[in-house]
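I have placed the structure first, in the form of C-alpha cells, so that the comments after it can refer back to it.
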Amino acid sequence: MCGIVGYIGARDATEVVVSGLQRLEYRGYDSAGIAILNHDDFQVRRSVGKLSNLQQRLQEQPTHGQQGIGHTRWATHGGVTEANAHPHRSDSGEIVVIQNGIFENYLDQKRRLIEQGVAFHSQTDTEVIAHLIERETKAAGDFLAGFRRAMQQLQGGNAVVAMHRRQPGLILAARLDNAGGVVVGLGDGENFVASDIPAILDYTQQVLFLEDGELAIITADGVQVERLTGEPVAKAPQRISWDPVAAAKGGYKHFMQKEIFEQTRSITDTLHDRVDLENAQVMLDDLTLTDQQLRDIDKIYIVACGTAWHAALVAKFLIESLARVRVEVDYGSEFRYRDPILDRGTLMIAITQSGETVDTLVPMELARKAGVPCISLVNAIGSQAARLSDGGVIYLNAGPEIAVASTKVFTCMLIAAALLALKLGALHGRLDRNAMREHLQALLALPNKLGTLLQETAIYEKLAERYRHTSDMLFLGRGINYPIALEGALKLKEISYIHAEGYPAGEMKHGPIALIDEQMPVVCIAVKDGVYDKMLSNVEQVKTRGGEVIAIATEGDTTLRDAADFVIEVPQTLPLFAPVLTVVPLQLLSYYCALRRGADVDQPRNLAKSVTVE
Ligand code: G6P
C-alpha cells in the first residue's frame, strides 16, 4: 500500500527519497512520484507503474535539492494515472502534498473548494488536501497555522506530509485518526520522515513515532512534535536495531524464496529466550497482563486478515486444546459490523505482520473502548498494533518480510500462538509440568524439522511443470490442517494466479466433489493425526473420480505412497504443531508454480503488503 518518504538536509534529496521509496516497494503500489524543492520552486516528477519508470523519468529530467518528498501510490480514489499520482500541488503551486489513507469527507470539501473557484487536476482526495492547506494558509497568514487548521478538517485515517515553496527548510507531517504509521528519522543536520522504518533505515536508526492527532515540524536541524491544537509533545527517540542488509535478497532470486528458506532461523528467533525447558515454562516478557489477569480470561476473540487470519484459525485450535479457553476467530473487516459481545473476562488478540492493517486495528480500538484488553502477535516493532496493545505484545521477531505474500511470518505466527497457548494452558491448570515439557521439546525441535523440508525442491519444480497450464486446484485438510489448506490455496492464487480453493475435507462431498475430474489436481494434507483415516478416504474419493492427488504425508507413510499420485513427506511432530511443517510444501509449491508461469512473485498484481485503508 502507499508509501511516504521525506528528507531535509545536506544530501541530495532526490537520491534519499527515491532510495527510500525503493525500500517501500514491497508494500505494493501502482504509481510513484517525488517533489523536490529546487531554487524556490517545486520540481514534481511522477509516473505510473514501477518505480523504475520514475527513475527513468528522473534521468530524462533530473532534479536535485536539499529537501523533498516522495510517494508510492496504491489507487483508492481515482484510477492509476500520472495525474492521480502524488505529490499533488495546490492551486497556485505553492504547496505540495503526499498522503496515505482515505480522506472520508473529501467530497464535501472538494465541492466547497470548487465553489470558491479552485480548479482540480486529479480525481484524488489528496489534491483536495493540497488546496485546503493553501486556503487555510492564506487565511491564517502562516503555513504551519494553515496546515494545522486544514488537518483539523480531515476525517478518516490520514498521514499527510507537505512542503511550502515560500517556506524552504521546512517539512510538516501529521498523523490523524488511526492512519498508517508516520515515523520521523533523526539525523545529524538532516531529518527524515516515512510511513515505514525500512525507508530510512539506511540513514538513521533513531526514530520518533507520531501518534494520532500529532504533527511534526521537521527542519534540517531539529524536529518538534505537537498536537494538532498546538501543544508541544515531548518524545524520546527510539533506537531501531534492524540491519538494512537483512532486507536485501541475499543471493535468492526472489524475496519470497529467501523468506521461505529463512524459516528455520525465523521460527528459532520467535522461540528465542521464551522457552525455559528446565522449569517447564514459557516466558513472554512483553506481555503486560499479569498471570492473574490471564487466568481470569474465559473468552478470546482473535482478529486478523489474510494469511494472518489463517494463523488465527490455527491459534484457535491451539488455545482451545491446550488451555480450554473458548476462542472465536473473526476477520478484522467483519468484526466491527457485527455487534460483538465485549464483556468482562474477554481478551482480544490481534495477529498481524505489519501491525498497520486498518481492518485489524479497528476491532482493537473497539475492544479498548469496551475495556477489553488487547494483545497482539505482531512482527513490525513499534507498529500501531503494538502500540494499541494495552495487554502487551508477542513480537514475532521474523525480521523484515518483503515479499507481498507472507511466508516466514506465518510460521512465526504459529509458533507465537503455540507459546501463548502453552502459557495459558499452564495458568488455567490444563497442562502439568510433564505435558508442558513435552510440548516445549516438540516446539524446540521444529526448526530442525522445518530445515529438512527445505533440502529438496525437485518435486516442486516437477509439479510446477506439470500444472503450469492448470486453471484450478483444490486444497483439502481437516482439523488443525484445515486452515493450512486455506493458506495453501491463498498462496497459490495470490502469486501464480491459478484459481484455488481451500476446503475442510469433510465438506468435499457437500459441493466441491462436483468439480473433480482429470483436470483438477487436489492437494490433500493427510498427516498422521486423529483425522488421518478420514483424509485417506478423501484421497480415495478424489482418485475414484479421476482427480490427481498430491498428498502431504507424514514421513514413512507407505499407504499414501500407494494411494496418491505424488507424496511430499513432512517430519513427524505433535499433531498440534504439524501446521508449522505442512504449510512449507504448500509455500514452495506456490512459489515454483508462480515462477514457472512467469508471474511477478514478490509483487503480485493488485495486492499490497500492508493494507492501511478499509
Ligand atoms: C494484505 C497482504 C496479506 C496479509 C494481510 C494482513 O492483504 O497482502 O499477505 O496477510 O494484508 O496483513 P497483516 O500485516 O495484518 O498481517
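Remember, it's a predicted structure, so these values are computed and weren't measured experimentally. Counting starts at 1 for both ligands and their atoms, following the listed order. Just the heavy atoms: all of them, side chains too, but no hydrogens, waters or symmetry mates, feed the values below.
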K299 bridged to E328 by N-O distance under 4.0 Å: yes

In plain terms, say whether K50 and D600 are close enough for a salt bridge, that is, a side-chain N and a carboxylate O under 4.0 Å apart. yes

Identify the heavy atoms of A323 and A421 that sit nearest to each other, and give their distance. CB-O, 4.0 Å

Testing the basics here: between L414 and L318, what is the closest heavy-atom pair and its distance to 0.1 Å? O-CD1, 4.0 Å

Atom pairs, nitrogen or oxygen, ligand 1 to protein, under 3.5 angstrom:
unit_1   : atom_1 : unit_2 : atom_2 : d
ligand 1 : 8 (O)  : A608   : O      : 2.8
ligand 1 : 9 (O)  : V404   : O      : 3.4
ligand 1 : 10 (O) : T307   : N      : 3.0
ligand 1 : 12 (O) : T357   : OG1    : 3.4
ligand 1 : 14 (O) : T352   : OG1    : 3.4
ligand 1 : 14 (O) : Q353   : N      : 3.4
ligand 1 : 14 (O) : S354   : N      : 2.7
ligand 1 : 14 (O) : S354   : OG     : 2.6
ligand 1 : 14 (O) : T357   : OG1    : 3.4
ligand 1 : 15 (O) : T352   : OG1    : 2.6
ligand 1 : 15 (O) : T357   : OG1    : 2.5
ligand 1 : 16 (O) : Q353   : N      : 2.6

Testing F410, F335, Y331 for ring-ring contact (aromatic ring centres under 6.0 Å, His included) with W309, which one passes? Y331

Salt-bridge present (R338, D330; N to O < 4.0 Å): yes

